[in-house]
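Note that the structure is predicted; figures quoted are calculated from it, not measured.
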Amino acid sequence: MAPVRHDVIFYEPFSLIGLEITLLEVTHPPLEESSAVLITDGLAKVVITGDTSRNIPKKSLQFMFKPDLLIADAIIPPRGNIPKHMNSKKQQNLEGH
């Protein structure tokens with residue numbers, strides 16, 4: 001079976017295996033586009049984001065608000081500060097904005 005490309009647009013949900021999936025724009029310089037993923041079955045909401053800066057667009061934060069589960073990559077210790085990454089403390093605060 002050959003792979004088939006499916007372009008996806010930020011904030012436009014699509015269905016896969018009975019779940020609704022939405023890509024959310026996040027910021028990770030120097031990349032031009034980075035995304036978090038919101039997955040829902042209509043009852044629970046899971047948000048997955050890789051390492052990103054705290055400069056997340058408001059629209060994405062609205063989608064991310066109060067997830068049932070937030071999986072966030074935080075490679076920097078709590079006292080560390082690298083502008084293109086959130087440290088673990090900032091990632092913990094992401095859940096409730």
Side-chain angles (χ1 to χ4, degrees):
M1 177 168 33
V4 177
R5 181 181 172 135
H6 297 279
D7 291 325
V8 179
I9 299 171
F10 290 131
Y11 312 111
E12 291 189 13
F14 61 93
S15 293
L16 186 64
I17 62 167
L19 300 171
E20 183 177 278
I21 300 169
T22 307
L23 297 184
L24 308 174
E25 186 177 11
V26 295
T27 306
H28 188 280
L31 300 177
E32 290 182 24
E33 291 185 328
S34 295
S35 63
V37 180
L38 183 150
I39 304 168
T40 182
D41 63 358
L43 301 173
K45 177 167 69 171
V46 175
V47 175
I48 304 168
T49 186
D51 60 338
T52 182
S53 74
R54 184 66 174 135
N55 188 24
I56 297 173
K58 271 190 174 182
K59 186 171 184 175
S60 293
L61 290 173
Q62 290 170 341
F63 276 87
M64 292 176 165
F65 189 65
K66 294 200 176 187
D68 294 289
L69 175 64
L70 172 65
I71 301 170
D73 181 0
I75 63 171
I76 308 300
R79 290 179 284 234
N81 185 24
I82 296 176
K84 68 180 183 178
H85 297 282
M86 277 191 261
N87 65 30
S88 56
K89 187 164 185 79
K90 289 177 183 174
Q91 286 281 21
Q92 288 173 345
N93 294 334
L94 181 61
E95 183 178 328
H97 314 291

Could you tell me the separation between the [atom1] atom of [X] and the [atom2] atom of [Y], rounded to the nearest 0.5 Å?
X     : Y     : atom1 : atom2 : answer
Thr22 : Glu12 : OG1   : CD    : 9.5 Å
Lys45 : Phe65 : NZ    : CZ    : 8.0 Å
Leu38 : Ile21 : CG    : CD1   : 9.5 Å
Met64 : Ile48 : CE    : CD1   : 11.0 Å

Look at the side-chain heavy atoms of Ile, Leu, Val, Met, Phe, Trp and Tyr, link any pair under 4.5 Å apart, and say whether [X] and [Y] land in one connected group.
X     : Y     : result
Leu43 : Val46 : no
Ile9  : Val4  : no
Phe63 : Leu16 : yes

message: Does Val37 form a side chain to side chain contact (heavy atoms under 4.5 Å, CB included) with Leu23? I'd like the steps, not just the answer.
response: CA-CA 5 Å; Val37 180; Leu23 297 184; 3.8 Å; yes
- prompt: If only atom types and distance count, is the side chain of Ser60 paired as donor or acceptor with the main-chain N or O of Glu25 below 3.5 Å?
  reply: yes
query: In a check of side-chain contact (heavy atoms from CB on, under 4.5 Å) between Val47 and each of Leu70, Leu69, Ile71, which one passes?
result: Leu70
message: Between Leu24 and Tyr11, is there a side-chain heavy-atom distance shorter than 4.5 Å?
response: yes
- prompt: Is the shortest heavy-atom distance from the side chain of Thr49 to the side chain of Ser34 under 4.5 Å?
  reply: no
- prompt: Which heavy atom of Thr27 sits nearest a heavy atom of Pro57, and at what distance?
  reply: OG1-CD, 4.2 Å
